[in-house]
There are 2 protein chains.
Amino acid sequence: MDAIGFETHDHLTCIKDGLEAVAAHCVRHRLQFTPVRRRVLEIMLQEHRAMGAYEILDKLREEGLGSQPPVAYRALDFLVSHGFAHKIERLNAFIACAHPGQNHTPAFLICRKCDAVAEAHAEPSCGMLGRAADETGFKIEQAVVEALGLCPRCAA
Amino acid sequence: MDAIGFETHDHLTCIKDGLEAVAAHCVRHRLQFTPVRRRVLEIMLQEHRAMGAYEILDKLREEGLGSQPPVAYRALDFLVSHGFAHKIERLNAFIACAHPGQNHTPAFLICRKCDAVAEAHAEPSCGMLGRAADETGFKIEQAVVEALGLCPRCAA
DNA sequence: TGATATATGTAACTTTATAACATATCAACC
DNA sequence: GGTTGATATGTTATAAAGTTACATATATCA
């Protein structure tokens with residue numbers, strides 16, 4: 001319910017905390033937080049915006065961490081499948097999760113003017129969608145919720 | 001709130017009614033419902049499922065109605081921008097609208113097993129998303145709501 | 001009928017994503 | 001501590017999705 005992304009904040013802390021939270025989660029769950037995976041997450045945390053896979057790949061390439069698409073896509077698959085990052089379907093882009101580790105259904109507010117993305121929380125089983133699913137007998141496992149519009153800054 | 005798509009129905013009628021509703025809407029609004037646009041909508045109504053742009057293009061090509069990607073994408077842009085069809089972001093695919101002409105915010109229930117898609121109705125300004133938007137001052141103009149899971153048939 | 005806007009035809013290209021297979025590294029058991 | 005099976009990376013090639021640009025045609029309306 002809290003949206004993260006349109007406010008100023010202590011960015012160094014947010015990068016550090018994000019990385020540490022994921023690192024800790026990986027230790028607890030015996031997941032391999034390898035250099036490429038770590039760096040991809042760090043890049044997304046640093047940029048703090050939705051980035052295309054090839055844009056991330058360019059950064060990896062500069063650093064000698066991998067130069068071919070599968071390197072980026074595999075790291076992103078890992079991060080997304082464990083909830084450390086999300087794919088913004090509407091933008092074909094990826095963004096670091098604002099609540100890593102916590103089991104949640106993200107919803108995004110995407111500014112069409114400046115491309116800023118804020119992550120909010122949506123409960124798919126609630127509301128009209130949940131009701132429609134119940135009525136038809138559909139079992140929701142996952143949900144993509146993306147709102148497009150104008151962020152506070154661009155609306156002003 | 002009503003989901004359309006997981007039930008059996010009179011399909012010939014649904015194709016005919018869909019085309020007629022769109023044709024009438026185009027007349028009222030002075031839109032050009034050209035042969036390619038009409039045929040693309042008809043293909044989607046006939047198949048009654050989400051189809052990729054290139055899959056639609058293949059059919060057009062067989063019929064001599066156009067052979068290059070822009071032909072399909074332009075027709076789809078027209079149909080989507082006027083609400084006669086929708087893009088399913090998660091599938092990079094398109095589907096005929098179940099309520100053509102009516103101003104609405106569609107929500108989709110997508111079966112991950114059989115790829116069937118049902119169109120329901122979602123009000124983006126309601127619920128948690130609307131609340132998050134209000135709190136941050138974000139102005140929602142459009143929303144993508146797509147639930148993934150199992151349709152009644154595949155769940156059984 | 002002429003001017004303007006809208007739609008189509010076509011070639012070339014960009015962006016996004018995956019398949020397939022070889023090599024390396026990890027992890028955990030004996 | 002080496003062996004083995006699973007997991008991760010490197011690399012080539014290719015598939016799938018979408019756009020640009022520009023020429024031509026058709027519709028709309030004064």
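Chain identifiers are assigned alphabetically (A, B, ...) following the order of the sequence lines, protein sequences preceding nucleic acid strands; residue numbering begins at 1 within each chain. These numbers were taken from a predicted model, which means no experiment stands behind them.
Comparing the start and finish of the helix from C/dT1-D/dA30 to C/dC30-D/dG1, five pairs each, the helix axis swings through 30°, to the nearest 10 degrees.
Residues A/Glu42 and A/Leu45 form no side-chain contact, since every pair of their non-hydrogen atoms from C-beta on lies 4.5 Å or further apart. A 4.5 Å side-chain heavy-atom check between B/His104 and B/His86 finds at least one atom pair inside the cut-off.
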| task | Could you encode protein contacts along nucleotides 13-30 of chain D as a string, one character per nucleotide from 5' to 3', using B for base contact, S for sugar-phosphate-only contact and - for no contact, with a heavy-atom cut-off of under 4.0 Å? | result | ----BBBBB-----S---

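Salt-bridge annotation for A/Asp77 and A/Arg74: absent, with no side-chain N of the basic residue lying under 4.0 Å from a carboxylate O of the acidic one.
Listed by first then second residue, pairs satisfying salt bridge (charged side-chain N to carboxylate O under 4.0 Å, His left out) with a partner in residues 142-156 of chain A number zero, not counting sequence neighbours.
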| task | Please step through side-chain contact (heavy atoms from CB on, under 4.5 Å) for the pair A/Leu76 and A/Met44, ending with a clear verdict. | result | CA-CA 10 Å; A/Leu76 288 166; A/Met44 288 191 291; 3.9 Å; yes

| query | Going through the distances and angles, do B/Leu41 and B/Phe33 end up as a side-chain contact (heavy atoms from CB on, under 4.5 Å)? | reply | CA-CA 10 Å; B/Leu41 178 62; B/Phe33 197 36; 3.9 Å; yes

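Atom CG of A/Leu57 and atom P of D/dT9 are 14 Å apart (whole Å). Atom NE2 of A/His82 is separated from atom P of D/dT7 by 11 Å (rounded to the nearest Å).
Looking at residues two or more places apart in sequence or on another chain, you find a side chain to side chain contact (heavy atoms under 4.5 Å, CB included) between A/Lys16 and A/Glu20. Judged as a side chain to side chain contact (heavy atoms under 4.5 Å, CB included), and not counting sequence neighbours, the contacts of A/Arg28 are A/Ala24, A/His25.
Of the two residues near DNA chain D, A/Ser67 and A/Arg37, the one whose nearest nucleotide lies more 5' is A/Arg37.
Summarising the geometry of A/Ala147 relative to B/Leu129, their closest heavy-atom pair is CB-CD2, 4.0 Å, with the distance given to 0.1 Å.
Contacts between chain A and DNA chain C, taken as any atom within less than 4.0 angstrom of a protein heavy atom, begin and end at C/dT16 to C/dC26.
Of the listed residues (B/Ile43, B/Ile88, B/Val80), just one forms a side chain to side chain contact (heavy atoms under 4.5 Å, CB included) with B/Phe94, and that residue is B/Val80.
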